[in-house]
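Here the structure is laid out as structure tokens; the discussion comes afterwards.
Letters A, B, ... are given to chains in the order of the sequence lines, protein chains preceding strands, and every chain is numbered from 1. The shown structure was predicted, so the numbers you read here are calculated from the model rather than taken from an experiment.
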Number of protein chains: 2
Amino acid sequence: MSNIRKPPTMADIARVMGVSPMTVSRAFKADSLVSTETREAILKAAEDLGYVFDSTASNLRSQKSDFVAVTIPSINNANFADTVGGLADTLATRNMQILLGYTNYDMQEEERLIEQLLRRKPQAIVVTGGRHTPRARRLLETVNIPVIETWDIPTEPIGHYVGFSNAGAVRQMVDHFVSAGHRRIAFIGGDVGRDTRGSERRTGFIAAMEAHGLDASRLIAAGAPPISMREGANAMARLIEIYPDTQAVVCVSDLAAYGALTECRRLNVAVPERFAIGGFGNYEIGEVCVPTLTTINAFAREIGEKTARLILDILDDGLPVEDVRITPELIVRDSSR
Amino acid sequence: MSNIRKPPTMADIARVMGVSPMTVSRAFKADSLVSTETREAILKAAEDLGYVFDSTASNLRSQKSDFVAVTIPSINNANFADTVGGLADTLATRNMQILLGYTNYDMQEEERLIEQLLRRKPQAIVVTGGRHTPRARRLLETVNIPVIETWDIPTEPIGHYVGFSNAGAVRQMVDHFVSAGHRRIAFIGGDVGRDTRGSERRTGFIAAMEAHGLDASRLIAAGAPPISMREGANAMARLIEIYPDTQAVVCVSDLAAYGALTECRRLNVAVPERFAIGGFGNYEIGEVCVPTLTTINAFAREIGEKTARLILDILDDGLPVEDVRITPELIVRDSSR
DNA sequence: CTGAAAGCGCTAACAC
DNA sequence: GTGTTAGCGCTTTCAG
């Protein structure tokens, strides 16, 4: 009557084929020792029966899940999407799968998420950033798998990291503006205290300005991170109102920078002639918009790829591996020249 | 010597606490019947021991994984990201987790992915689109869990669907252009044959044009889907070269439309006065750029939320549920008025 | 409210 | 190249 019958197991295939379950199991492992004909017959029978391999049982017995847990702040961000893409593609070469969670830029949520992900017994865990709640930190320190922090150089790494200095990257941008002759430079970012990478970029801006002996007080907080294009535009309007003689602005991301650019167009402020703009992240928008956007390339995809390779190296031979320091690249485009 | 000791299990906690493993198990289920004091003591002991609940074992025994498998064409697409966000947030209210895979707009890859995801024994599977390889289709038909196709109205649904007519949405845009007085209207999309939603939009364009008795031959293929902003810009240059008297263009996505817009600006073609532009997907860029972009809102996040609710309804009471037909909304902005 | 026994579906370990 | 046995860590089931 019911067409919801119990799905077949290896035992069922074994019975049909007149072999032991173990032989069926072996037939599914490419490298395992079964005669070619038995294997082919078994695989065919499996397909005919509509058998679906049960990873859960396999994982429990073999104590490996082929999962890599990954937390990112937001799924809707091209930079983090690129990192995840690099991770996923590289791990797929070894049939490992990503278990993704997003924190919504909230460390509390990150803690919750890390705990949830660890229950699935991933073989490694990748987190974004180097700051975590004490409990999250403890969970990561205690867990028995490789831990990789990304998109940052943690002050005190938990395990490994693949990242870059957000402050240093912003310094490159400030140096570029200064050597172009600008002195009155502003920063547009999110409200402090949530997005840690954004905060570090802001801190980096202040430090870089002070290193040049320049005033670092033109800081516009555009709302809760991540800053949207719209918020970038609003921030620009505010900036021009409060500090009308500003010559250049460093934006926490290309999205904010693009918003700022559109606001300049609306206000008939010439970019870059009257106002130079710099962004962060090398988003596609920056190379297509008019004028094109000066930005920082943080090599998002490479971060993912290198993280994946690092994980595979550790899992393969457990040898000590080197952390990866990425050097972000300043890309000067029309919005600042 | 080695600090890699075996992680504690429920049995370890039971031993320490002098209770049975079953009681420990119950202590971890919120609704389960254990005295409050025993539960609290057990949870504390677990925390002290650094215990991490093992979902794999739990899943195997209880035959439920709390996974929902999801395939999307690309992780780096704001529309699909919104759908996944809606899904994930809604499912999180029931502690269900998304197992995400992306197909790279390739049905072959989708088949591979579906097979891989099903091995994890998800409790439902959500796929993007209504076209699949025969084998993928068979896998989905045979599997014993709810199957939901999204972002489309499948000709022959496998299980349920939460989607809209891509052709119908484009018709709205064509009607808008026609009633604005345009007659020579073009379409910019990707190469045919890969992105099924893009192909349907193209087909819908042709049908709508013919319904108005207009010539539907101005079709620009901009490359392999998904079309980037850059490819949109290139396509626009080509369009103006080949069909200089074109009055309006329907683009397969806002990204292509934005690229087209920037090309117009570079060529000093006034938008919308000399050339009206329409996009698809209601991306953020469209409401910030100058001029703002006319587009179609397909309610990406709602698709995810409604899919999640549909899944929860089925899992909760197995009652027959209604498929969801979304009605996309035409948003007229400055690029066409 | 708590416990004992059995088993989810697979594979490690060993035997032949 | 193949089979047997046991058990991964949890929860269902039944008993009290």
Those residues that, when tested against R61(B), pass side chain to side chain donor-acceptor pair (under 3.5 Å) (two or more places apart) | none

Basic-acidic side-chain contact under 4.0 Å: D313(A), R309(A) | no

Salt-bridge criterion met for E47(B) and R138(A) (N-O under 4.0 Å) = yes

Value in whole Å for how far the P atom of dC8(C) lies from CG of D12(A) = 11 Å

Between R135(A) and E115(A), does at least one N-O distance fall below 4.0 Å, as a salt bridge requires?
-> yes

Would you list the pairs meeting ring-ring contact (aromatic ring centres under 6.0 Å, His included) in which at least one residue belongs to residues 76-124 of chain B, sequence neighbours left out?
-> F80(B)-W151(B)

Where does the chain A footprint on DNA chain D start and end, counting 5' to 3' with a 4.0 Å heavy-atom cut-off?
-> dG1(D) to dG9(D)

For D323(A), salt bridge (charged side-chain N to carboxylate O under 4.0 Å, His left out) partners two or more places apart = none

Keeping to residues at least two apart or across chains, list the salt bridge (charged side-chain N to carboxylate O under 4.0 Å, His left out) pairs with something in residues 65-83 of chain B.
-> K64(B)-D66(B)

N-O pairing of K44(A) and E40(A) below 4.0 Å = no

A correct 5'-to-3' footprint of nucleotides 9-16 of chain C, with B, S and - meaning base, sugar-phosphate only and no protein heavy atom under 4.0 Å, is BBBBBB--

